[in-house]
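Data first, discussion second: the structure below is written as structure tokens.
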Amino acid sequence: MKLSIALRAAAGAAFAFALSLQPTLAADPLVIHVGYAAIGVDNRPFAEGTSAATARAGEFLEKEFANDPNVKIEWTFFKGAGPAVNEGFANDQLDFAYQGDLPALIGRATGLKTKLLLASGARKPSYLAVAKDSGIKKIEDLRGRKVALQRGTNSHLSAIKILEAHGLKERDVQVVNLDSAATVAALTSKDIDAAFGDTQLINLAAKGSADVIYTTKGDDPRFGRNAGIIAREAFISAHPEITHRVVDAFVKAAQWSSDESNRAAQFELWGKSGTPIPILEEYFSNDTLAYRNSPLIDDLLVSQYKEQAVKSKEFGLIRRDVDLNGWFEPKYLNSALERLKLKNFWQPYGADGKPTAS
């Protein structure tokens, strides 16, 4: 009996010693969850038209952390657009996201703890397309007609502002809530009369299946759409250095996307989303890449978000005032611009839409 006990004790000691020689297991990697308030053609996990789309397609974030095995990047593209991103933030399933102005403001109004770190996809134009033989020639002709838009998105707010400028209110048209893919199908089949959107409508018109009768390009820039990179406050507080590096990666993507020598390569990269290159060329025609892909939180961007907040409540899209004090957090962007020697790379604009001194 004593021998058996001794043998078991010796075996246990040997096993413990063997375990002590095993390499320590590495901690679970930090997974950075990045959302995008859109999705490519046929649900491809890519987008187009923004520096955030470049960051995804060009793997800028992945390259930033390529030598750090303890950090992983995970992208999620949302067919439900901005409202779905808000759900992701509310459930702590996202750390960063590309999101348009209206859903970001709705999130702010409902108490989501986020910060806007930099612009991405600001100054995006909107388009209005009509079904073939609809008889609609101008915006005023939309009264009483079926008009598609995606509720809760920055396109929704843009559409309401456009209607208002032409003497119409949202209730003056029959709004049909559709995402991009459903809009294309409904406009082609003439189940709707018109739709607000962007590249999908340019593409439809190029195929001869619809007519684009209006774009905010060349019109009042306040009718366009804005977007940016939003981050969860808890993640920023817990990982400030990681946040610096994430913003660095987005700024590098914005720089590449703003370089005119990359225009052709840019559209080819965005082509991963399924949007044809000629459509992207049209979408960016007469615009400099730097104007559309600037990451700056300048007076124009801030004033536009403030105006959108007022308009959102006025149009009944938000029930309460939106407090934007402290929401814009430019320190990570300013640090990136300083370290990457890009302080004078982009032109800032004033609230009046005119260039200002850097």
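What you see is a predicted model, and the numbers here were worked out from it, not measured in a lab.
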Side chains of I162 and T216 in contact at under 4.5 Å (non-hydrogen atoms):
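Counting from C-beta outward, I162 and T216 do come under 4.5 Å.
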D298 pairs by side-chain contact (heavy atoms from CB on, under 4.5 Å) with which of S303, P348, P330, P355?
P348
Is there a donor-acceptor contact under 3.5 Å from the side chain of [X] to the main chain of [Y]?
X    : Y    : answer
S158 : N154 : no
T114 : A231 : no
S335 : Y332 : no
T110 : I106 : yes
D68  : N70  : yes
S209 : T188 : no
T50  : A53  : yes
S120 : A52  : yes
K132 : L187 : no
D352 : K354 : yes

Counting only heavy atoms not in [X], do more than 12 sit closer than 6.0 Å to its [atom1] atom?
X    : atom1 : value
N286 : CG    : no
K113 : NZ    : no
K146 : NZ    : no
E281 : CD    : yes

For W270 and F284, take the angle between the two ring planes, folded into 0 to 90°, and tell me which bin it lands in: parallel under 30, tilted 30 to 60, perpendicular over 60.
tilted
Could you label the plane-to-plane angle of the Y214 and H166 rings as parallel, tilted or perpendicular, counting under 30° as parallel and over 60° as perpendicular?
perpendicular
Measure from NZ or CZ of R56 to the centre of the six-membered ring of Y36 and say whether it is under 6.0 Å with the direction within 45° of the ring axis.
no
Might you work through the side chain to side chain donor-acceptor pair (under 3.5 Å) test for W256 and T54, ending with a clear yes or no?
CA-CA 8 Å; W256 190 89; T54 298; over 6 Å; no
Check ion pair K343-E338 (N to O, under 4.0 angstrom)
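Judged by the 4.0 Å cut-off on N to carboxylate O distance, K343 and E338 do form a salt bridge.
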For S155, what residues pass the side chain to side chain contact (heavy atoms under 4.5 Å, CB included) criterion, not counting sequence neighbours?
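For S155, the residues satisfying side chain to side chain contact (heavy atoms under 4.5 Å, CB included) (neighbours in sequence not counted) are T153, F196, R225.
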For E260 and R263, run salt bridge (Lys or Arg N to Asp or Glu O under 4.0 Å): C-alpha distance rounded to whole Å, both residues' side-chain angles, the deciding distance at 0.1 Å, then the answer.
CA-CA 5 Å; E260 289 296 337; R263 183 173 281 255; 2.8 Å; yes
Is I236 reachable from V71 through a run of hydrophobic residues whose side-chain heavy atoms are each under 4.5 Å from the next?
yes
Apply salt bridge (Lys or Arg N to Asp or Glu O under 4.0 Å) to K72 and E62, showing your working.
CA-CA 8 Å; K72 304 295 181 185; E62 289 80 357; over 6 Å; no
With a 3.5 Å cut-off and no angle check, do the side chains of S257 and S51 form a donor-acceptor pair?
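S51 and S257 do not have a side-chain donor-acceptor pair below 3.5 Å.
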With rounding to the nearest 0.5 angstrom, report the CG to CD1 distance, D95 to I242.
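Reported to 0.5 Å precision, the distance equals 10.5 Å.
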Apply the test salt bridge (Lys or Arg N to Asp or Glu O under 4.0 Å) to residues K138 and D141: give CA-CA distance (whole Å), side-chain angles for both, the deciding distance (0.1 Å), then the verdict.
CA-CA 6 Å; K138 57 186 185 298; D141 295 336; 3.2 Å; yes
Stepwise side chain to side chain donor-acceptor pair (under 3.5 Å) test for D179 and Q150
CA-CA 6 Å; D179 61 28; Q150 191 165 7; 5.5 Å; no
Evaluate the criterion ring-ring contact (aromatic ring centres under 6.0 Å, His included) for residue pair F250 and F96; output intermediate values, then yes/no.
CA-CA 11 Å; F250 277 119; F96 299 86; 7.1 Å; no
Against D287, only a single residue in R292, R123, K124 fulfils side-chain hydrogen bond (donor to acceptor under 3.5 Å, both in side chains); can you say which?
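Single pass found, and it is R292.
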Donor-acceptor contacts under 3.5 Å from residues 79-90 side chains, at least two apart:
{"residue": "N86", "atom": "OD1", "partner": "Q99", "partner atom": "NE2", "Å": "2.9"}
{"residue": "N86", "atom": "ND2", "partner": "P103", "partner atom": "O", "Å": "2.8"}

